[in-house]
Trainee: 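This is the structure I have questions about; it appears just below.
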2 protein chains.
Amino acid sequence: MSLQHAILGFLSLRSMTGYDLKKSFDRSASHFWPGNQSQIYRTLSKLTELDFVDVDVHERGDLLPTKTYSITPSGRQHLHTWLSTPLGERPVREPFLLQLFFGGLLSDDEVLALIQSEIALTEDALKQYEALKEPPTPPESKEDKRKVFFSLLTLEFGLHANETYLRWLTSIKERIEAQDYTAQWTKEPS
Amino acid sequence: MSLQHAILGFLSLRSMTGYDLKKSFDRSASHFWPGNQSQIYRTLSKLTELDFVDVDVHERGDLLPTKTYSITPSGRQHLHTWLSTPLGERPVREPFLLQLFFGGLLSDDEVLALIQSEIALTEDALKQYEALKEPPTPPESKEDKRKVFFSLLTLEFGLHANETYLRWLTSIKERIEAQDYTAQWTKEPS
DNA sequence: CTGTCCATGTAAGGCGTTACATGATTGT
DNA sequence: ACAATCATGTAACGCCTTACATGGACAG
């Protein structure tokens with residue numbers, strides 16, 4: 001659906017090769033949109049066909065040529081349209097919730113092991129987000145500050161989402177350990 | 001990846017037709033795992049090939065026959081293995097974060113419109129979760145209570161996740177309206 | 001007589017993953 | 001000598017979506 005747009009987004013910042021794009025994804029987008037190497041190359045071919053990007057080919061003898069991709073005006077427009085169009089409802093797919101939903105078929109110990117593993121993953125993710133907090137940002141211009149702001153928002157989201165998730169995981173772990181099989185809201189005197 | 005397991009999960013509760021499965025998904029799993037009709041039928045065929053389900057065919061003259069699917073012992077075992085195996089890291093794909101990440105290319109008004117739409121969707125989702133809270137549950141046996149508990153957990157998750165999301169969306173909306181382009185954590189005197 | 005429910009499927013296409021394949025250059 | 005980095009791709013397969021197609025039964 002949107003790898004195309006992610007690529008156009010990066011190319012709107014600067015022209016680069018497929019290889020550089022892959023690095024851009026890994027460095028700054030992998031937390032909310034992973035970029036698969038072979039898919040990046042296939043998508044670049046398609047974007048070229050669609051005239052959303054131009055290619056500059058540098059031959060290298062018997063090696064495959066290096067190709068530098070640039071966004072075209074039409075690509076820029078396409079990107080802008082996508083960026084400014086609200087998305088509408090999107091399907092949710094949470095395999096862990098699927099496991100929990102059928103948790104009745106497992107023993108408490110088995111469920112606790114699942115939860116524990118999920119807690120460990122979440123704590124790891126949180127550590128990584130914490131490490132990315134407050135990168136060395138010297139005084140910037142107002143426009144720069146605004147650009148940086150938007151890219152930092154994705155980290156903010158990751159932090160909040162994972163913190164909430166971790167709290168919830170811990171709470172269900174505790175309830176199961178106490179064999180207290182009640183939903184949280186049944187306790188609150190609403 | 002897991003529609004197979006979701007189907008096996010439902011069939012482990014009772015045998016049913018593809019049509020009934022679709023209704024089961026819509027009624028109780030669509031919040032964390034949507035079940036696409038045509039995919040359900042194709043997956044049932046595959047599960048049959050794998051001997052994870054059995055089919056009971058009821059001919060109906062010139063109509064397509066009705067087929068009742070049941071889980072086999074081997075299917076039950078496969079399900080149990082999947083349910084009790086921790087998942088490991090899974091990729092995240094959040095198109096809205098992708099839009100925000102490149103928000104620097106949009107005007108404040110355009111970004112605010114995106115956020116507003118996302119807020120509306122989230123409020124809607126929250127309303128639906130609220131409506132599902134506390135369904136009429138007469139006194140149950142201990143085992144029943146445990147089973148219900150696990151299925152209610154998915155609603156709990158939906159509530160918490162959406163509440164957190166909504167709070168965050170509101171906070172970024174306010175910051176943009178105030179033209180205060182600072183990440184939240186840069187304010188906290190850590 | 002119109003629409004909703006019951007009940008089944010096929011076809012085509014897009015998106016994503018994994019594995020495989022090549023080969024120069026640079027650093028340890 | 002060996003590994004990492006630079007740089008490109010193909011092939012095969014799986015999952016998911018959308019659209020299309022059929023047709024009886026029953027309720028308003």
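The sequence lines fix the lettering, A, B, ..., with proteins before strands; numbering per chain opens at 1.
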Trainee: Taking only the side-chain heavy atoms of A:Y69 (C-beta and beyond), determine which of C:dA7, D:dG9, C:dG16 contains the nearest atom.
Mentor: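 Per side-chain heavy atoms of A:Y69, the pick is D:dG9.
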Trainee: Output yes when at least one side-chain N/O atom of A:T17 is less than 4.0 Å from OP1 or OP2 of D:dC6, else no.
Mentor: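 The answer is no; no side-chain N or O of A:T17 sits under 4.0 Å from OP1 or OP2.
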Trainee: Select base, sugar-phosphate, or nothing to describe what B:K22 touches, counting heavy atoms under 4.0 Å on all strands.
Mentor: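 Answer is nothing: B:K22 stays at 4.0 Å or more from every strand.
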Trainee: Write down the distance between CZ (B:R90) and C1' (C:dG16), rounded to a whole number of angstrom.
Mentor: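 Atom-to-atom, B:R90 to C:dG16, this comes out as 17 Å.
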Trainee: Roughly how far apart are B:F102 CZ and A:L79 CG, rounded to 0.5 Å?
Mentor: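 Rounded to the nearest 0.5 Å, the CZ-CG separation comes out at 7.5 Å.
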Trainee: Kindly say whether B:D51 contributes a backbone atom to a donor-acceptor pair with the side chain of B:T72 at under 3.5 angstrom?
Mentor: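 Yes; at least one donor-acceptor contact below 3.5 Å.
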Trainee: Return yes when atom NZ of B:K147 has more than 12 non-hydrogen atoms of other residues, nucleotides or ligands closer than 6.0 Å, and no otherwise.
Mentor: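 Count not over threshold, so no.
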Trainee: When all nucleic acid strands are considered with a 4.0 Å heavy-atom cut-off, which category describes B:P65: base, sugar-phosphate, or nothing?
Mentor: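 The answer is sugar-phosphate, as B:P65 gets under 4.0 Å only of primed atoms, P, OP1 or OP2.
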Trainee: Nearest nucleotide by nearest heavy atom, which residue falls closer to the 5' end of DNA chain C, B:K67 or A:S2?
Mentor: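 Going by which nucleotide is closer to the 5' end, it is B:K67.
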Trainee: Can you find a side chain N or O atom of A:R93 that sits less than 4.0 Å from OP1 or OP2 on D:dT17?
Mentor: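 Yes, such a contact exists.
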Trainee: Using whole Å, report how far OH of B:Y19 lies from P of C:dT8.
Mentor: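 Answer to the nearest Å: 10 Å.
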Trainee: Got a sec? Which of residues 39-58 of chain B come in under 4.0 Å of DNA chain D, heavy atoms?
Mentor: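 Heavy-atom cutoff 4.0 Å gives B:Q39, B:R42, B:K46.
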Trainee: Any donor-acceptor pair under 3.5 Å linking the side-chain atoms of A:W168 with those of B:E156?
Mentor: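 B:E156 vs A:W168: donor-acceptor pair found between side chains.
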Trainee: Answer yes when A:E130 and A:K133 have at least one side-chain N-carboxylate O distance shorter than 4.0 Å, and no when they do not.
Mentor: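 Judged by the 4.0 Å cut-off on N to carboxylate O distance, A:E130 and A:K133 do form a salt bridge.
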Trainee: Once side-chain hydrogen bond (donor to acceptor under 3.5 Å, both in side chains) is applied, what residue pairs with a partner in residues 38-50 of chain B remain, sequence neighbours excluded?
Mentor: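 Listed once each, the pairs are B:N36-B:S38.
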Trainee: Quick check on DNA chain C: between A:L3 and B:R60, whose nearest nucleotide comes earlier from the 5' end?
Mentor: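 In this pair, the answer is B:R60.
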Trainee: How many whole angstroms separate atom CG of A:L21 from atom P of D:dA7?
Mentor: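 Those two atoms, CG and P, are 12 Å apart.
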Trainee: B:Q4 has a side chain; which of D:dC15, C:dG16, C:dC6 sits nearest to it?
Mentor: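 Among the listed nucleotides, the one closest to the side chain of B:Q4 is D:dC15.
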Trainee: In whole angstrom, what separates B:M16's CE from C:dC6's P?
Mentor: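 Going from B:M16 (CE) to C:dC6 (P), I get 14 Å.
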Trainee: In whole angstrom, what separates A:L64's CG from C:dA24's C1'?
Mentor: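 One finds 11 Å between C1' of C:dA24 and CG of A:L64, rounded.
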Trainee: Between A:H58 and A:T68, is there a side-chain donor-acceptor contact under 3.5 Å, judged purely by atom types and distance?
Mentor: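 Yes.
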Trainee: From CG of B:L63 over to C1' of C:dG9, roughly how many Å is that when rounded to an integer?
Mentor: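 Interatomic distance, CG of B:L63 to C1' of C:dG9: 13 Å.
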Trainee: Within this structure, what is the CD1-to-P distance between B:I7 and D:dC15, rounded to whole angstrom?
Mentor: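 Between P of D:dC15 and CD1 of B:I7: 11 Å.
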Trainee: Taking atom P of C:dA24 as reference, at what distance in whole Å does atom CD of A:E59 sit?
Mentor: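 Atom-to-atom, A:E59 to C:dA24, this comes out as 16 Å.
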Trainee: Check whether any side-chain N or O of A:D20 sits under 3.5 Å from a backbone N or O of A:M16 as a donor-acceptor pair, and report yes or no.
Mentor: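 Checked: no pair found.
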Trainee: Ignoring backbone atoms, establish whether B:K23 has a side-chain N or O less than 4.0 Å from OP1 or OP2 of C:dC5.
Mentor: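 It does not, given that no N or O in the side chain of B:K23 lies less than 4.0 Å from OP1 or OP2 of C:dC5.
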Trainee: So, OP1 or OP2 of C:dG16: does either fall under 4.0 Å of a side-chain N or O from A:S38?
Mentor: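 False: A:S38 side-chain N/O out of range (4.0 Å or more) of C:dG16 OP1/OP2.
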